[in-house]
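What you are looking at is a predicted structure, and each value in this text was computed from that prediction instead of being measured. Protein chains get the first letters and strands the later ones, always in sequence-line order, with residue 1 at the start of each.
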Number of protein chains: 2
Amino acid sequence: MIARPTLIDVAKAADVHASTASRALNPETRGVVSDTTVARVLAAAKELGYRPHPLARGLRTDTTLTVGIVVPDLENPLFPPLVRGAEAALGVEGYTLLIGNTDNEQEHTEAVISTLVDRRVDGLILATAELGSGVAAAVQSEGIDVVLVNRESTDGSVPAIIGDDHIGIGMAVDHLVELGHSAIGHVAGPPVLSTGLGRCKAFKAHLARHGLSVDGRIEVADWFQVAPGARATSDLVSRNPELTAIVAGNDLLALGALRALNDAGVSVPGDMSLTGYNDMPFVDLVQPPLTTVGLPYREMGTMAAQTLLALMRGEGVEPHVTRLRPALRVRASTESPR
Amino acid sequence: MIARPTLIDVAKAADVHASTASRALNPETRGVVSDTTVARVLAAAKELGYRPHPLARGLRTDTTLTVGIVVPDLENPLFPPLVRGAEAALGVEGYTLLIGNTDNEQEHTEAVISTLVDRRVDGLILATAELGSGVAAAVQSEGIDVVLVNRESTDGSVPAIIGDDHIGIGMAVDHLVELGHSAIGHVAGPPVLSTGLGRCKAFKAHLARHGLSVDGRIEVADWFQVAPGARATSDLVSRNPELTAIVAGNDLLALGALRALNDAGVSVPGDMSLTGYNDMPFVDLVQPPLTTVGLPYREMGTMAAQTLLALMRGEGVEPHVTRLRPALRVRASTESPR
DNA sequence: CGGTTTTCTGCAAACGATTGCGCAAATGGT
DNA sequence: ACCATTTGCGCAATCGTTTGCAGAAAACCG
């Protein structure tokens with residue numbers, strides 16, 4: 001455990017003052033130092049294996065070269081790609097990611113965010129679903145830039161990167177209509193989440209566009225999970241035996257639907273077509289492989305990171321809300337009605 | 001963006017010197033300050049909303065209260081629970097996690113580790129599969145404690161938390177034998193990974209224990225992925241048509257096997273029983289739900305964190321290698337042979 | 001060649017905390 | 001009442017950088 005060389009060691013080795021060494025090492029200020037001393041300092045630094053101490057630098061410059069990312073649940077397969085995308089984009093600029101899980105709890109969310117703020121992250125990426133709207137503003141008032149991902153702020157004051165659910169649901173609906181379906185139901189996610197509510201609204205709008213009825217054909221699941229999806233599906237089909245297709249609010253709900261339909265002896269896609277949403281990993285491996293709508297989560301992460309980088313550089317960001325285009329993934333859980 | 005209060009602000013408000021305020025705020029040194037001043041300082045700190053500056057403190061004390069965790073691929077569903085477990089355990093002690101992805105590349109791994117070391121993490125959790133063995137030693141020589149997880153060091157010099165694959169594979173084999181199988185094959189993971197090799201060895205040992213033959217009944221997949229698993233399974237069954245059961249080296253390989261068997265018109269579990277390994281999320285949702293062996297990944301994460309905390313506190317850690325007991329999850333992909 | 005500008009480098013003060021040391025006051029013992 | 005001890009607190013140095021300021025040396029200009 002030998003001590004690391006400090007800037008002063010480098011300066012001594014190059015026979016200059018620490019301040020000169022600092023300037024020579026920093027590309028920004030290198031211009032004011034003569035070429036020969038720059039070379040000497042660089043050589044000395046290399047020779048000694050000098051690495052600047054991030055804490056000392058941060059203390060002086062009030063930057064940490066870290067950004068925090070807050071996700072509701074890292075075990076939800078949506079978020080790892082998002083985190084990785086962000087990590088990759090930030091890494092090339094020298095930033096490192098601090099992660100925080102909120103377990104979908106409001107209280108925990110605020111605790112996590114304040115830890116990150118206390119650690120003086122330079123920026124914050126929030127992927128949490130529910131949030132007192134004041135939190136983002138509070139963070140910004142500390143001088144920390146914020147970007148939302150997979151969620152938009154109610155007043156649009158915070159830049160956000162989100163998937164375009166209206167288009168995405170439209171893709172699923174159009175696909176089913178093209179196959180010839182007209183009695184289409186919807187297993188909706190919880191309306192307290194913007195994704196749950198937004199997709200449900202989109203479903204209604206698109207059915208209306210096709211002149212199809214939604215009366216009583218929407219059943220809300222309490223949570224984006226398999227079991228609530230199964231429960232909601234049972235209710236939905238027992239109430240609407242005429243249905244030939246179901247659009248689920250996300251893949252987990254679709255998997256629940258699949259289970260419920262199997263249990264009820266309804267074959268998919270023979271008796272009932274089914275679409276999911278998100279294109280979660282491995283939904284291509286269930287039987288039948290699920291037709292779903294894929295969102296570019298990794299790209300959302302990189303875009304959030306890039307937006308944040310722009311903000312931190314002090315550049316203005318336009319437009320505030322970026323909607324990424326989803327893609328329909330047609331697999332085997334949908335076919336024309338009998 | 002109002003400036004945060006510093007220790008000096010608190011000291012002034014409490015009408016004491018900064019050093020006194022520091023001692024009053026730190027539970028360790030609080031004893032040397034009189035009770036009345038402690039109360040005054042605490043009140044002032046609360047009043048002003050004082051939060052210590054982590055960089056300033058870190059610079060002085062040479063600690064960052066951060067721990068790095070290096071994983072090969074956060075999108076692999078094994079790792080998020082591990083990360084979360086570690087995060088939860090570290091969080092209660094005030095530590096924050098820095099994450100690093102290596103993309104399974106040796107070069108990238110070293111780069112990631114050195115960024116974390118440069119950032120002066122207090123400890124490091126390594127979940128990377130392949131690693132020049134010198135790396136851990138190099139990190140330790142910088143005064144940074146290291147714990148391995150899901151991997152053990154060749155010389156056992158670094159504490160490690162791993163699943164007990166010998167027992168786990170034994171559980172799968174015993175289960176199949178109890179069902180009446182005797183012609184059992186193995187789709188093995190890549191032998192360059194300790195998990196691939198170890199499980200294959202365990203498979204041989206357990207078959208031998210039951211007096212069963214393994215001749216030609218092992219096929220190696222190039223990588224722990226679905227496609228290689230399918231390829232290896234095709235080869236395996238075409239070479240050994242007598243097989244009635246297959247033990248796959250992990251769940252992804254099992255899913256590949258499932259696909260290959262489906263394509264070949266072999267029904268699971270009717271014609272062929274199949275076990276996976278890891279109990280990945282959602283493998284209970286494929287058709288048929290996969291019988292597999294579950295490892296407590298989240299607990300591995302928390303144990304790694306606790307071990308690391310002990311190391312950082314300067315406590316000795318015994319034993320060096322902790323093997324966690326897996327659990328068999330019997331689902332529908334296994335049944336007695338016809 | 002004198003004076004002005006430019007170029008380079010060093011000095012020292014930050015950034016915000018922690019901590020060894022020493023001094024005063026308070027306490028205790030006889 | 002006097003000395004020894006303890007207690008409580010302030011002083012100042014320190015961690016490793018960055019950066020405004022100033023001064024010396026060099027370059028330039030007419």
If only side-chain N and O atoms of B/T6 are considered, is one of them under 4.0 Å from the OP1 or OP2 phosphate oxygen of C/dA17?
-> yes

Atom-to-atom span, NE2 of B/H53 to P of C/dG16 - whole angstrom | 6 Å

Show me the donor-acceptor pairs within less than 3.5 Å that the side chains of residues 43-55 of chain A make with the rest of the protein, sequence neighbours left out.
residue, atom, partner, partner atom, Å
A/H53, ND1, A/L55, N, 3.1

Spacing between B/L59 atom CG and C/dA17 atom C1', to the nearest angstrom | 8 Å

Could you tell me the separation between the CG atom of A/D62 and the C1' atom of D/dT19, rounded to a whole number of Å?
-> 15 Å

Does B/R298 have any salt bridge (Lys or Arg N to Asp or Glu O under 4.0 Å) partners at least two apart in sequence or in another chain, and if so, which?
-> A/E75

Atom CG of A/D15 with >12 non-hydrogen neighbours under 6.0 angstrom = no

State which residues pass side chain to side chain contact (heavy atoms under 4.5 Å, CB included) with A/A305; sequence neighbours excluded, sorted by chain then number.
-> A/A86, A/A89, A/L90

Could you list by number each residue of residues 9-26 of chain A showing a heavy-atom separation from DNA chain D of less than 4.0 Å, or answer none if no residue does?
-> A/S19, A/S22, A/R23

CG of B/L55 versus C1' of C/dA14: gap in Å, rounded?
-> 15 Å

Listed by chain and number, what are the salt bridge (Lys or Arg N to Asp or Glu O under 4.0 Å) partners of B/D73, not counting sequence neighbours?
-> A/R84

Could you list by number each residue of residues 31-51 of chain A showing a heavy-atom separation from DNA chain D of less than 4.0 Å, or answer none if no residue does?
-> A/Y50, A/R51

In whole angstrom, what separates A/R120's CZ from C/dA17's C1'?
-> 12 Å

Residues that B/T115 engages under side chain to side chain contact (heavy atoms under 4.5 Å, CB included), provided they are two or more places apart | none

Residues two or more places apart in sequence or in another chain: which of them pass salt bridge (Lys or Arg N to Asp or Glu O under 4.0 Å) with A/R23?
-> none

Go through the structure and list residues passing salt bridge (Lys or Arg N to Asp or Glu O under 4.0 Å) with A/R30, not counting sequence neighbours.
-> none

Can you tell me the distance, in whole Å, between the CD1 atom of A/I8 and the C1' atom of C/dC11?
-> 13 Å

Please work out if A/P52 contacts a base, only the sugar-phosphate, or nothing of the nucleic acid, heavy-atom cut-off 4.0 Å.
-> sugar-phosphate

Would you check if A/T307 and A/I161 make a side-chain contact, meaning some heavy-atom pair closer than 4.5 Å?
-> yes

Length of the line joining A/D118:CG and C/dA17:P, which is rounded to integer Å = 12 Å

